[in-house]
Asks: 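Can you keep this structure in mind? I'll have questions shortly.
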Amino acid sequence: MLMIKKLRLQRGWSQSDLAEFSGLSSRTIQRVERGEKPSLETLKCLAAVFDLDIAEFQQEDSMSEKNISMEERRAFEQVQHEKGFYRHLIMYVIIIAFLFALNLITEPGYIWAKWPAMGWGLGILIHGIRIFSPLQMFGPEWEKRQIEKKLGRKL
């Protein structure tokens with residue numbers, strides 16, 4: 001439910017903060033924000049925290065169209081993609097550092113850790129280009145323009 005995530009972010013709360021304020025578990029908050037249907041009890045807790053009527057949450061489908069613009073949806077998606085990239089990068093740094101340390105301890109005469117570093121590094125580079133490149137030739141905007149061109153109208 002993007003509405004819950006939007007309300008949470010507007011207040012500057014983390015998922016843990018919302019869980020604490022609502023009396024729900026962090027796992028429940030994660031599931032609700034991923035789009036799983038919440039129970040009535042969960043909706044009551046969330047409605048109380050955000051000082052909203054429970055009916056507003058139950059009518060999420062119609063409300064989300066009114067309250068969450070396409071730009072906001074794209075921004076949420078982009079942030080999720082960037083978050084995934086940074087997780088990937090952090091794992092790369094930790095594991096490659098471990099491999100270099102292991103390499104220096106076991107066989108300091110030959111640096112074999114450079115090979116996984118280069119291979120995985122190439123994957124990181126490609127991932128970064130896909131996420132941060134302003135020249136996304138075949139991205140959603142390109143697709144939209146092509147469809148408009150084929151239909152001879154603006155979507």
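We number each residue from 1, following the sequence as shown.
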Asks: Which heavy atom in Ile131 sits nearest to a heavy atom in His81, and how many Å separate them?
Replies: CD1-CB, 3.5 Å
Asks: State which residues pass side chain to side chain contact (heavy atoms under 4.5 Å, CB included) with Arg27; sequence neighbours excluded, sorted by chain then number.
Replies: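 Only Ser25, Gln30, Arg31, Arg34 meet the side chain to side chain contact (heavy atoms under 4.5 Å, CB included) criterion with Arg27.
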Asks: Between Leu104 and Met118, is there a shared hydrophobic cluster once you connect ILVMFWY residues whose side-chain heavy atoms come closer than 4.5 Å?
Replies: yes
Asks: Roughly how far apart are Phe85 CZ and Ile90 CD1, rounded to 0.5 Å?
Replies: 10.0 Å
Asks: Is there side-chain contact between Leu18 and Leu24, with heavy atoms separated by less than 4.5 Å?
Replies: no
Asks: Give the table of side-chain donor-acceptor pairs shorter than 3.5 Å for residues 108-116, with sequence neighbours excluded, one pair per line with atom names and distance.
Replies:
unit_1 : atom_1 : unit_2 : atom_2 : d
Tyr110 : OH     : Trp115 : NE1    : 3.0

Asks: Does Cys45 reach the side chain of Thr28, with side-chain heavy atoms less than 4.5 Å apart?
Replies: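 SC-SC contact between Cys45 and Thr28 ruled out.
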Asks: Could you report the tightest heavy-atom contact between Asp53 and Ala47, atom names first, then the distance?
Replies: C-CB, 4.2 Å
Asks: Considering all heavy atoms of both residues, which atom of Gln15 and which atom of Ser26 are nearest to each other, and what is their separation?
Replies: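 Smallest heavy-atom distance, with atoms named: O-OG, 4.5 Å.
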Asks: Identify every side-chain donor-acceptor pair in residues 92-99 under 3.5 Å, counting partners at least two apart or on other chains, and give the distances.
Replies:
unit_1 : atom_1 : unit_2 : atom_2 : d
Tyr92  : OH     : Ala117 : O      : 2.9

Asks: Below 30° counts as parallel, above 60° as perpendicular, anything between as tilted: where do the rings of His127 and His88 land?
Replies: tilted
Asks: Is there any side-chain hydrogen bond (donor to acceptor under 3.5 Å, both in side chains) pair reaching into residues 94-105, and which pairs are they, with sequence neighbours excluded?
Replies: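 The answer is none; no pair qualifies.
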Asks: With ring pair (Phe, Tyr, Trp, His ring centres under 6.0 Å) as the rule and sequence neighbours excluded, what pairs involving residues 7-28 come up?
Replies: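 Found Trp13-Phe21, Trp13-Phe50.
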Asks: Other hydrophobic cluster members with Val79, side-chain heavy atoms of Ile/Leu/Val/Met/Phe/Trp/Tyr under 4.5 Å, chained?
Replies: none
Asks: Just so I know, are the side chains of Leu102 and Glu107 near enough to count as touching, which here means a heavy-atom distance under 4.5 Å?
Replies: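 Leu102 does not reach Glu107 side chain to side chain.
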Asks: Considering only heavy atoms from C-beta outward, does the side chain of Gln10 approach that of Leu7 to under 4.5 Å?
Replies: yes
Asks: How long is the gap from CG on Leu46 to CZ on Arg8, to the nearest 0.5 Å?
Replies: 11.0 Å
Asks: Mind checking whether Ile4 and Ile29 have side chains closer than 4.5 Å, heavy atoms only?
Replies: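 Counting from C-beta outward, Ile4 and Ile29 never come under 4.5 Å.
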Asks: First locate atom OG1 of Thr42, then atom CD of Glu36, and finally report the distance between them rounded to the nearest 0.5 Å.
Replies: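 Rounded to the nearest 0.5 Å, the OG1-CD separation comes out at 11.0 Å.
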Asks: Nearest 0.5 Å, what's the CD-CG distance between Glu82 and Leu89?
Replies: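 It comes to 12.5 Å.
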